[in-house]
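Counting from 1, the numbers follow the sequence of the chain as shown.
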Amino acid sequence: MDSRCVELKAVLAEQITALVNGGFTQFLSGMAEATDTWPALSVLDLREQNPAIKLHCILPCKEQADKWSASSRDLYHSILDRADSIVYVSRVYHKNCMLERNRFLVDHAAALLAVYNGERRGGTAATMRYAQKMGREIVVIHPITRLISHGETAPFPAQT
């Protein structure tokens, strides 16, 4: 695995541990490939030492992982098998199911931990804006620099 991915995973794990130390025990994951599955794994690891920690997988539709690589699908299903709950925002794919999943995540969370590069378009940007509008605590990790910011929706310029 790329060293930048290893470092990003470590920063995610540190931030999740900080959230647990701050009293958070319920974690929601949208289970998108890579950047959502890595923190889900960290939550599952922490749950081994603290059974009060729970992982809730919030999925846009049943087909979410159908077109992923075999290894990504295997990881996805292994996380779902260990999750404390699974919620399908929609049973079948439709054009807004990802947006609906992202809004569900914000609506049911007190804080948002996001890997975000500052790009103003796309699902992550829309979710960040919605979380800010809803008054959520926001912790942002930049995917390249791994710098951490609190409470800002676009703390970094878009990377080219």
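Without hydrogens or angle criteria, Asp84 side chain to Leu55 main chain gives a donor-acceptor distance under 3.5 Å. The backbone N or O of Leu80 sits nowhere less than 3.5 Å from a side-chain atom of Arg82 that would complete a donor-acceptor pair. One N or O on the side chain of Thr17 and one on the backbone of Ala13 form a donor-acceptor pair closer than 3.5 Å. Put simply, the side chain of Arg73 gets close to the backbone of Trp68: a donor and an acceptor are under 3.5 Å apart. At least one donor-acceptor pair under 3.5 Å links the side chain of Arg136 to the backbone N or O of Met134. Between the side chain of Arg101 and the main chain of Cys61, no donor-acceptor pair closer than 3.5 Å is present. Proximity of a side-chain donor or acceptor of Gln64 to a complementary backbone N or O of Met31 within less than 3.5 Å is detected. A donor-acceptor contact shorter than 3.5 Å links the side chain of Ser29 to the backbone of Asp36.
Clustering ILVMFWY residues whenever any of their side-chain heavy atoms sit less than 4.5 angstrom apart, transitively, puts Val115 in the very cluster that holds Ile79. When the side chains of ILVMFWY residues are joined at heavy-atom separations under 4.5 Å, either directly or via intervening members, Phe27 and Leu46 end up in a single hydrophobic cluster. When hydrophobic clusters are built by joining Ile, Leu, Val, Met, Phe, Trp and Tyr residues whose side-chain heavy atoms come closer than 4.5 Å, directly or via intermediates, Val43 is grouped together with Ile141. Follow the hydrophobic side-chain contacts under 4.5 Å out from Trp38 and you reach Val20 in the same cluster. Transitive grouping of hydrophobic side chains (ILVMFWY, heavy atoms separated by less than 4.5 Å) keeps Tyr88 and Leu99 in distinct clusters.
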